[in-house]
Every structure is written in structure tokens, then in C-alpha cells.
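The structure appears right after this line, and notes come after that.
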Amino acid sequence: MKKDTLFVPFSRPALDHEEEEAVLRIMRSGWLTTGNETLLFEKEFAQAVAPLNTEEKAESVHALAVNSASSGLMLAMDACGIGPGTKILTTPYTFISTATSALHLGAEIVYADIEEDTYSISPQQIRQKLQADKTIRAIVPVHIAGNVCRMDEICSIAHEYGVKVIEDAAHAFPSCVNGRYAGTFGDAGVFSFYATKTITTAEGGMICTQNAEIAKRIELMRMHGIDRPVWDRYTSQKPSWQYDIAAAGWKCNLPDILSAIGRVQLKKAHLFYEQRKKIVAAYNDAFAPYDFFKTPPDGPGNAWHLYILRLKENKLSVDRDTFAAKLIEQGLGISVHFIPHFHMTFIRSRYGITEKDFPNAERQYQQSLTLPLWPGMTDEMIQQVIRTVIDTGKRYYAG
């Protein structure tokens with residue numbers, strides 16, 4: 001990269017004095033771990049994803065904060081009966097924890113290909129896999145980049161076959177389709193607050209469910225299987241050392257110091273969303289005229305967590321990896337989402353699957369790269385991304 005070239009980071013968290021003051025407030029309180037701040041964060045997040053349809057608001061959304069979306073997926077799967085002798089059905093086009101969360105519970109994985117022109121799991125493939133394997137107990141659709149899967153159709157199929165739906169909504173806050181938020185269509189939904197996500201707590205996540213029994217199980221298992229809330233142990237009249245272990249749980253709680261950041265970020269979520277949409281509009285307007293690019297798939301309620309540009313390799317003289325390397329050389333912090341699981345040694349050897357089994361996922365992977373997209377990007381940064389990507393495309397245009 002030339003010394004005078006502006007570096008555009010792939011992502012940068014949108015934090016200011018409000019988050020700083022929130023952290024200092026918790027530090028000064030003397031209580032850093034899970035407590036009242038986390039309880040407030042859970043309550044506010046539940047309200048933020050409550051159905052907009054007045055009649056459905058009577059169904060309370062339970063929101064349970066956890067230390068990561070990965071642990072959230074494991075907890076949600078456990079609460080939905082996933083364990084030895086069962087399988088989940090998901091897509092190979094996702095981060096690895098979508099699958100390994102089931103393996104940690106002693107379950108196995110069945111994969112379905114994505115749709116031909118999106119990154120979302122194919123409902124048609126879901127039906128085929130469920131017909132072929134009666135040990136599948138849950139479908140785990142993934143809302144890649146914040147673009148919501150065909151949830152009405154997926155939930156209908158799940159109901160038909162008597163299986164659970166656990167949404168991997170790590171990318172999807174605040175996606176909303178027909179008055180319902182992503183992460184609340186199925187039996188449970190898991191959000192991520194990792195540093196690059198649409199809102200952040202640095203590390204962390206949230207599980208949402210409208211099923212009280214699922215919520216009760218998650219609350220028990222996220223903190224060692226202790227039969228009373230940890231916060232209650234230090235605030236009630238009952239001695240803190242008096243508790244029981246009801247199950248072999250894990251330690252997946254979210255500390256107050258991180259929840260404080262999350263509460264501030266939650267208030268800004270829709271402002272961040274509007275800023276992301278403006279950047280996406282600028283990108284789409286700039287890239288659409290060129291026949292060597294394909295702008296990202298879009299749909300109702302897209303949260304635009306990621307901007308995944310697709311290259312038409314038959315129009316270019318270089319492959320995606322070379323194209324990406326040229327962008328990096330010119331100061332763009334880019335990435336690729338995602339390496340499909342069948343390219344991972346562990347999954348490939350365990351299940352004997354290859355790219356030939358999932359042609360849609362393989363094709364999307366080979367032509368996709370992810371551009372910088374985050375609130376706070378300056379006009380200069382946005383224009384540099386646009387200019388660099390287009391100039392590189394022109395340089396390697398093959399007609």
C-alpha cells in the first residue's frame with residue numbers, strides 16, 4: 001500500500017462518550033459482573049424485538065444475555081432438545097459455530113445448500129433433507145449479512161415435520177419483516193454483539209424466545225445449572241451460599257460492564273441502520289452499471305450487516321482471491337463471508353462432503369468478497385472504496 005493511500009478499515013465499532021460514561025458508571029458502582037444492568041439490557045432488548053402486531057404483543061419475548069452468540073446457539077439448541085442421537089439441519093454457508101454448537105452437545109449435522117441467487121438456506125432443500133432423515137430435530141437458518149431467510153416457509157415446513165427452528169440471527173438486528181423481527185420467527189433466535197456487528201458489547205450475544213420453558217432452561221444452563229439467579233444470591237435476604245445445582249450447565253453469562261455498552265448501542269441501533277443503508281445505496285448506485293459486478297441480494301428488512309459484492313468471474317481475467325489481494329494492496333480492509341464448511345478439514349473429513357454436494361454455496365463463495373461497511377465511514381472513505389473497486393474491475397475486465 002502506498003504511503004499516501006488512505007486505509008479504510010473493514011469495520012470499526014461506533015463508540016463515543018456515551019458508551020465511555022456507561023462503562024465508567026458500572027466501574028464506579030463496584031459491581032462488574034452480571035447484575036441489574038444486564039437485567040435491564042435484557043428487558044430493553046426484548047421490547048426492541050417484540051412483534052409490532054398489537055395482538056401478538058401479548059406473547060412475551062424472553063431475552064437472555066450471554067457471553068457470545070456461539071454459546072447462545074449451544075444453549076438454544078440444548079433447550080430445544082438437541083443432544084446425542086439427534087441432528088440439526090443448517091447451511092454450510094455460515095461461521096463454523098453454527099454447526100459446532102450442535103457437536104458440543106453430542107448431536108450431528110446435516111447440511112442443505114443455499115438458494116441459487118442468495119446466501120440463505122433453501123426451503124426446497126430443507127424439505128428434501130427432512131424427508132430423508134428422521135433424526136433431524138431442528139432447522140437452523142442463518143440470516144447472512146442481515147438478509148432474512150424465507151422464515152414463513154421454513155417455519156411452515158418445520159411445523160409439518162415436527163421439528164424446532166433456531167434462528168442464527170447473528171447478523172440480523174434490527175431486521176424486521178411484516179411486523180416481526182428476525183430472531184423471533186422460530187422457537188428461539190440468537191443475536192451477536194461481537195465488535196463488528198450492527199450493535200456491539202465487544203463480546204456477547206442475546207437469545208430470544210417466546211417459549212417460557214425454553215427460556216427457563218436457558219436461564220438455568222447459562223450459569224452452571226444453579227437453581228437461582230446469581231444476582232439474587234447477592235441481593236436477597238437468603239444467604240448467597242444456599243443454592244442447588246439442577247443440571248450440568250455452563251458459564252455463559254454477560255457482565256454488567258458489557259451490558260452497559262449494549263444498552264447505549266441499543267438506543268442507537270436504528271440510527272446505525274439508517275447510516276448503513278445510505279452507504280449501501282451509494283455502493284449499489286456505483287457498482288450496478290458495471291457488468292463485471294453483481295450487487296448483493298436484498299430482501300425485506302435487510303439489516304445490511306455486511307456488503308457482499310459478487311464478481312462475475314467470466315467477465316474478469318483474475319479470480320476472487322487475486323481481486324481481493326489487489327484491493328488490500330490499495331488500502332481497503334476487505335474480507336470474505338464465508339468459507340463454506342465443506343472446505344474445512346474437520347467437517348470435510350467427518351462428513352465426507354465436498355463442494356460438489358453444494359454447488360450454490362460453492363459458486364457464491366468463489367465470486368464473493370465483503371467491502372467495508374460501518375457507521376461513521378466518511379464520504380472520503382466511501383468514495384475511495386467505490387473508486388478502488390471500480391478501477392480494479394476495469395483493470396482486469398475481460399469483456
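Residues: numbered from 1 along the sequence shown.
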Q. Are any side-chain N or O atoms of Thr86 and backbone N or O atoms of Arg137, one a donor and one an acceptor, separated by less than 3.5 Å?
A. no
Q: Walk me through it: do Val142 and Thr90 pass the test side chain to side chain contact (heavy atoms under 4.5 Å, CB included)?
A: CA-CA 8 Å; Val142 186; Thr90 192; 4.0 Å; yes
**Q.** side chain to side chain contact (heavy atoms under 4.5 Å, CB included) between Arg320 and Gln367, intermediate numbers included
**A.** CA-CA 6 Å; Arg320 188 275 317 282; Gln367 67 182 13; 5.9 Å; no
Q) Could you give the distance from CG (Asp78) to CD1 (Ile214), rounded to the nearest 0.5 Å? A) 10.5 Å
Q) Mind checking whether Phe338 and His171 have ring centres under 6.0 Å apart? A) yes
Q) When you look at Thr392 and Gln330, which way does the side-chain hydrogen bond (donor to acceptor under 3.5 Å, both in side chains) test go after all the steps? A) CA-CA 10 Å; Thr392 304; Gln330 297 173 83; 3.0 Å; yes
**Q.** Exam field: side chain Trp304 to backbone Asp298, donor-acceptor pair closer than 3.5 Å
**A.** no
Q.
Let me confirm one number: the OG-CD1 distance from Ser101 to Ile166, rounded to the nearest 0.5 Å.
A. 9.5 Å
Q | Close side-chain approach of Lys87 to Ile109, heavy-atom, < 4.5 Å | A | no
Q | NZ/NE/NH1/NH2 to OD/OE distance under 4.0 Å, Glu213 and Lys216 | A | no
Q. Has Gln131 got more than 12 heavy atoms of other residues, nucleotides or ligands less than 6.0 Å from its CD?
A. yes
Q: Count the heavy atoms belonging to other residues, nucleotides or ligands that lie under 6.0 Å from CD of Gln124, then report whether that count exceeds 12.
A: no
Q.
Going by the rule salt bridge (charged side-chain N to carboxylate O under 4.0 Å, His left out), which residues pair with Asp227 if we only count those two or more places apart in sequence or in a different chain?
A. none
Q | Exercise: identify the closest heavy-atom pair between Ala79 and Ile218 | A | CB-CG1, 3.7 Å
**Q.** Pairs where residues 6-28 contributes a residue and the test side-chain hydrogen bond (donor to acceptor under 3.5 Å, both in side chains) is met, not counting sequence neighbours
**A.** Asp16-Lys268, Glu18-Lys268, Glu19-Gln265, Glu19-Lys268, Arg25-Glu37
Q: Please tell me if the side chains of Glu203 and Phe193 come closer than 4.5 Å, counting only heavy atoms from C-beta onward.
A: no
Q | All ring-ring contact (aromatic ring centres under 6.0 Å, His included) counterparts of Phe191, not counting sequence neighbours | A | Phe45
Q | Rounded distance [0.5 Å steps], CD1 in Ile114 versus CG in Asn360 | A | 6.0 Å
Q. With a 3.5 Å cut-off and no angle check, do the side chains of Glu42 and His62 form a donor-acceptor pair?
A. no
Q: Answer whether the closest heavy-atom distance between the side chains of Glu108 and Arg350 falls below 4.5 Å.
A: yes
Q | Axial cation check for Tyr273 ring with Lys277, 6.0 Å and 45° limits | A | yes
Q: Begin from the C-alpha positions of Thr209 and Asn211 and carry the test side-chain hydrogen bond (donor to acceptor under 3.5 Å, both in side chains) through to its verdict.
A: CA-CA 5 Å; Thr209 180; Asn211 184 307; 5.4 Å; no
**Q.** Residue pair Asp113, Ser122: steps toward the side-chain hydrogen bond (donor to acceptor under 3.5 Å, both in side chains) verdict
**A.** CA-CA 6 Å; Asp113 204 357; Ser122 162; over 6 Å; no
(Q) With rounding to the nearest 0.5 angstrom, report the CD to CG distance, Glu167 to Leu73. (A) 11.0 Å
Q) Rest of the hydrophobic cluster containing Met151 (Ile/Leu/Val/Met/Phe/Trp/Tyr, side-chain heavy atoms under 4.5 Å)? A) Leu89, Val110, Ile121, Ile126, Leu130, Ile136, Ile139, Val148, Ile154, Ile157, Tyr161, Val163, Val165, Val177, Phe185
(Q) Looking only at side-chain N and O atoms, does His337 offer a donor or acceptor that is under 3.5 Å from a partner on Thr370? (A) yes
(Q) Under the side-chain contact (heavy atoms from CB on, under 4.5 Å) test against Tyr283, which residue among Asp285, Ile279, Val280 passes? (A) Ile279
(Q) What I want to check is whether the side chains of Gln384 and Glu380 have a donor and an acceptor closer together than 3.5 Å. (A) no
Q) In terms of heavy-atom contacts, does CG of Asn178 have more than 12 from other residues, nucleotides or ligands at under 6.0 Å? A) no
**Q.** Reported SG-to-CG distance for the pair Cys176 and Asn302, which is rounded to 0.5 angstrom
**A.** 13.0 Å
(Q) I need the minimum non-hydrogen distance between Thr198 and Phe173, along with the two atoms involved. (A) OG1-O, 2.7 Å
Q.
Whether the side chain of Ser349 engages the backbone of Thr345 through a donor-acceptor N/O pair (distance < 3.5 Å, no angle test) should be reported.
A. yes
Q) Do NZ/NE/NH1/NH2 and the carboxylate oxygens of Glu115 and Arg150 come within less than 4.0 Å? A) yes
(Q) If we count only N and O atoms by modelled type, under 3.5 Å, do the side chains of Asp256 and Ser259 hold a donor and an acceptor together? (A) no
Q | Candidate pair Asn253 and Val66, rule side chain to side chain contact (heavy atoms under 4.5 Å, CB included), full reasoning | A | CA-CA 5 Å; Asn253 57 301; Val66 288; over 6 Å; no
Q. Hey, is Asp379 close enough to Lys278 for a salt bridge, meaning N to O under 4.0 Å?
A. no
**Q.** Sequence neighbours excluded, every pair satisfying ring-ring contact (aromatic ring centres under 6.0 Å, His included) that has a member inside residues 106-125
**A.** Tyr93-Tyr119, Tyr111-His341
Q | Shortest non-hydrogen separation from Pro9 to Pro372 and the atoms involved | A | O-CB, 3.3 Å
Q. Between Tyr365 and Phe342, is a side chain to side chain contact (heavy atoms under 4.5 Å, CB included) present by the stated rule, with each step listed?
A. CA-CA 11 Å; Tyr365 166 59; Phe342 47 77; 6.0 Å; no
Q | Partner set under ring-ring contact (aromatic ring centres under 6.0 Å, His included) for Phe292, not counting sequence neighbours | A | Tyr290, Tyr397
Q. Between OG1 of Thr38 and CD1 of Ile257, what distance do you get to the nearest 0.5 Å?
A. 11.0 Å
(Q) For the residue pair Ser68 / Ser71, report whether a side-chain donor-acceptor contact shorter than 3.5 Å exists. (A) yes
Q: Count the heavy atoms belonging to other residues, nucleotides or ligands that lie under 6.0 Å from NZ of Lys312, then report whether that count exceeds 12.
A: yes
Q) With a cut-off of 6.0 Å (strictly less than), are more than 12 heavy atoms of other residues, nucleotides or ligands near OH of Tyr351? A) yes
Q) Has Ile339 got more than 12 heavy atoms of other residues, nucleotides or ligands less than 6.0 Å from its CD1? A) no
